[in-house]
Amino acid sequence: MRVEVLTGDAIVAVLDDLARLRITVFRDFPYLYDGSLDYERDYMRSYVTSKTAVLVGAFNGDQLVGAATGTPLSDHADDFAEPFKHHPVPMSDIFYCAESVLLSDYRGRGIGHAFMDAREDHARSLGATHSAFCSVIRPMDHPLKPDAYAPLDPFWRKRGYAPLPNVKARFDWKDVDQDASTVKELQFWMRAL
């Protein structure tokens with residue numbers, strides 16, 4: 001196993017692998033995402049066009065088994081301008097930790113911490129003062145929630161993140177048990193760097 005930080009053109013080489021990881025990992029609760037490679041390729045275009053994007057990859061040999069990405073939040077201004085409209089920290093000072101996906105066989109090995117460390121280091125190198133991410137909000141009595149499901153809130157809190165009151169994003173995607181896309185709310189979490 002190795003964890004490697006990729007920027008620039010190095011990101012492009014693993015985008016299809018990242019797309020497949022996102023589809024696989026986000027299919028599980030709480031995301032329940034019924035994704036497609038076409039949508040993923042379109043979504044990930046921002047990593048190709050951003051000069052400051054980072055992808056932290058976990059590799060088992062040459063196989064990408066996990067990845068965490070990030071860009072300055074201002075790269076996502078269209079999506080996140082409204083939720084941060086009244087927040088005291090300007091978007092230009094916030095680094096957005098986008099997805100963090102890891103195949104289940106590789107969890108519990110410290111890779112999640114390595115992902116967060118690398119993204120936070122990258123954010124600091126860009127002059128960001130804060131790091132943020134968002135997580136989908138699902139009811140704990142959701143019919144597709146597995147009995148053994150454990151939220152990642154304790155992990156995030158241990159890393160110094162806390163939910164931002166009244167700072168939520170809204171995105172739509174098709175759930176695995178639905179016929180059409182529906183809007184979901186996502187809670188923003190943030191910490192000072």
Side-chain angles (χ1 to χ4, degrees), residues 5 7 11 18 22 25-26 28-35 39-40 42-56 67-101 112-113 115-142 145 149-175 178 180-193:
V5 176
T7 58
I11 294 175
L18 173 60
R22 281 177 43 91
V25 174
F26 286 156
D28 293 338
F29 187 86
Y31 287 90
L32 302 172
Y33 170 61
D34 188 16
Y39 174 84
E40 290 299 313
D42 184 56
Y43 166 79
M44 292 184 298
R45 243 185 300 177
S46 65
Y47 299 129
V48 176
T49 59
S50 173
K51 296 184 185 321
T52 53
V54 66
L55 185 149
V56 186
T69 62
T71 63
L73 188 62
S74 55
D75 285 1
H76 298 272
D78 292 344
D79 295 329
F80 299 138
E82 187 60 34
F84 278 89
K85 188 175 177 179
H86 300 292
H87 195 273
V89 178
M91 285 180 62
S92 59
D93 291 345
I94 302 170
F95 187 81
Y96 177 60
C97 295
E99 57 269 317
S100 185
V101 290
H113 285 290
F115 283 170
M116 293 301 273
D117 290 342
R119 289 187 297 185
E120 290 168 1
D121 288 346
H122 185 75
R124 287 183 196 96
S125 78
L126 298 174
T129 61
H130 290 76
S131 176
F133 66 88
C134 53
S135 64
V136 68
I137 300 169
R138 295 279 190 180
M140 285 299 108
D141 63 350
H142 192 284
K145 181 180 83 69
Y149 173 73
L152 291 173
D153 299 24
F155 170 77
W156 297 328
R157 289 182 190 282
K158 183 177 178 182
R159 298 278 320 180
Y161 289 85
L164 295 175
N166 303 314
V167 182
K168 296 178 182 172
R170 294 171 57 88
F171 288 100
D172 65 277
W173 64 81
K174 182 182 169 305
D175 284 358
Q178 301 292 316
S181 292
T182 57
V183 174
K184 282 80 172 175
E185 263 194 336
L186 293 93
Q187 173 65 58
F188 269 96
W189 294 63
M190 191 163 74
R191 67 161 284 192
L193 296 171

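Note that the structure is a prediction, hence the values are computed from the model and not measured.
Residues T7 and A53 share a closest heavy-atom pair of CG2-O, 3.7 Å. Nearest approach of V56 to F115, heavy atoms of both residues: O-CE2, 3.5 Å. Heavy-atom minimum distance, C97 versus Y161: SG-OH, 4.5 Å. Closest heavy-atom contact between P154 and P151: CD-O, 3.5 Å. Nearest heavy-atom pair, Y31 versus C134, reported as atom, atom and distance to 0.1 Å: OH-O, 3.8 Å.
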Q | From CA spacing to verdict: side chain to side chain contact (heavy atoms under 4.5 Å, CB included), I137, K168 | A | CA-CA 10 Å; I137 300 169; K168 296 178 182 172; 4.0 Å; yes
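Applying the 6.0 Å contact sphere to CZ of R170 captures no more than 12 heavy atoms from other residues, nucleotides or ligands. Within 6.0 Å of CG in N166 there are 12 or fewer heavy atoms belonging to other residues, nucleotides or ligands.
Summarising the geometry, atom CG belonging to D34 is positioned 8.5 Å from atom CG belonging to D175; distances are rounded to the nearest 0.5 Å. Rounded to the nearest 0.5 angstrom, F133 CZ and R119 CZ are separated by 8.5 Å. The distance from atom NZ of K145 to atom CG of D28, rounded to the nearest 0.5 Å, is 14.0 Å. Atom CG of L18 is separated from atom OH of Y43 by 8.5 Å, given to the nearest 0.5 angstrom. The CG atom of D93 sits 9.5 Å away from the OG atom of S74 when rounded to the nearest 0.5 Å. Atoms CZ and CG, on R138 and L32 in that order, are 4.5 Å from each other to the nearest 0.5 Å.
Using modelled atom types, one side-chain atom of H122 and one backbone atom of T52 make a donor-acceptor pair closer than 3.5 Å.
Using a 4.5 Å heavy-atom cutoff, the side chains of Y47 and L55 are not in contact. With contacts defined as side-chain heavy-atom distances shorter than 4.5 Å, the pair Y149/M140 qualifies. Residues H87 and P165 fail the side-chain proximity criterion, which asks for heavy atoms closer than 4.5 Å.
Checking F26, F80, Y33 one by one against F171, the ring pair (Phe, Tyr, Trp, His ring centres under 6.0 Å) holds for a single residue, F80.
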Without placing hydrogens or testing angles, list every side-chain donor-acceptor pair under 3.5 Å for residues 186-193, not counting sequence neighbours.
from, atom 1, to, atom 2, distance (Å)
Q187, NE2, L164, O, 2.8
Q187, NE2, V167, O, 3.4
W189, NE1, S135, OG, 3.3
R191, NH1, E120, OE1, 3.4
R191, NH1, R159, O, 3.1

